[in-house]
Amino acid sequence: GVWRQTRALLFKNCLIKRRTKKSSVQEVLFPLFFLFWLILMSMMHPHRKYGEVANANLGTLDTSMLVNFVIGYTPPTRMAREIMKKVAFDNFEDGIITEEYLSEEELQEASAFKPSNFVGVVFNDAMSYQLRFPDSVAMSSIYMESR
C-alpha cells in the first residue's frame, strides 16, 4: 500500500543523494551561504531607530515667508477649486495667491516664468495629486516612512 510506496520513494531518494554527493552538499551550502550574506549586509546597514518626539506647541506659523507665494493648479475642476480655496483662505489670514491653469503644459510654462516661490499642484483625481516645484516633481503619498 501507501506505506510501502513511501518507503521505496524514501529509499530511492537516499540512494540518489549518496550517489550525487556534490549536488547534495551544494543544496545545503548555497542557502547557508546566501543566508550568511543577508545577515552580513543587514549588519553593515543597521536599521535606524528614531526616538520619540514629545508633543510641543510649535507656536504660530511665520507667514512672512509666504508673502507673494503662488500656487498654480490644474485641472480647474470644482473639487480642485474647493480644495485650493480651503488651502488659500482657511489656513492663512491674508490668503495665498492661487491660479488655475487649463492644462499641465500651461502650468509648466507659468512655473518657468514665475519666481522660485511658485508651486504647481496637478490633481490626478479628487484624492491624489502631484506637487510640481520649479525643477523637480514630488509625488504625494499616504505611506511616509519619515518626515
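What's counted below: heavy atoms across the whole structure, side chains too, no hydrogens, waters or symmetry copies. As the structure is a prediction and not an experimental result, all values here were calculated from the model.
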Any ion pair linking R78 and E82 (charged N to carboxylate O, less than 4.0 Å)?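 A salt bridge is present here (some side-chain N lies under 4.0 Å from a carboxylate O).
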Once the angle between the rings of F30 and F34 is folded into 0 to 90°, is it parallel (under 30°), tilted (30 to 60°) or perpendicular (over 60°)?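 Tilted: the ring planes of F30 and F34 meet at 30° to 60°.
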To the closest 0.5 Å, what do you measure between [atom1] ([X]) and [atom2] ([Y])?
| X | Y | atom1 | atom2 | result |
| --- | --- | --- | --- | --- |
| T77 | E100 | OG1 | CD | 9.0 Å |
| K12 | Q5 | NZ | CD | 12.0 Å |
| L15 | L10 | CG | CG | 10.0 Å |

Atom of [X], atom of [Y] and distance for their closest heavy-atom approach:
| X | Y | value |
| --- | --- | --- |
| Q130 | N124 | CG-ND2, 4.1 Å |
| P31 | V28 | CD-O, 3.5 Å |
| P76 | R81 | O-NH2, 3.1 Å |
| I16 | T20 | O-OG1, 2.7 Å |
| P75 | A80 | O-CB, 3.5 Å |
| V121 | Y129 | CG1-CB, 4.1 Å |

M44 with F36, same ILVMFWY side-chain cluster at under 4.5 Å: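 Shared cluster, yes.
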Same hydrophobic cluster for L40 and L32, using side-chain heavy-atom links shorter than 4.5 Å among ILVMFWY?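 No.
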Worked check of side-chain contact (heavy atoms from CB on, under 4.5 Å) between I83 and F123: CA-CA 10 Å; I83 291 170; F123 289 95; 3.9 Å; yes
Could you check whether any side-chain heavy atom of I97 comes within less than 4.5 Å of a side-chain heavy atom of F118, counting everything from C-beta outward?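 Not in contact.
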Only one of E106, E109, Q108 forms a side chain to side chain contact (heavy atoms under 4.5 Å, CB included) with Y101, so which one is it?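 Considering E106, E109, Q108, a side chain to side chain contact (heavy atoms under 4.5 Å, CB included) with Y101 is found only for E106.
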Before you tell me yes or no, could you show the steps for E27 and K17 under side-chain contact (heavy atoms from CB on, under 4.5 Å), namely the whole-Å CA-CA distance, both residues' side-chain angles and the distance that decides it to 0.1 Å? CA-CA 10 Å; E27 284 181 15; K17 293 296 177 189; 2.8 Å; yes
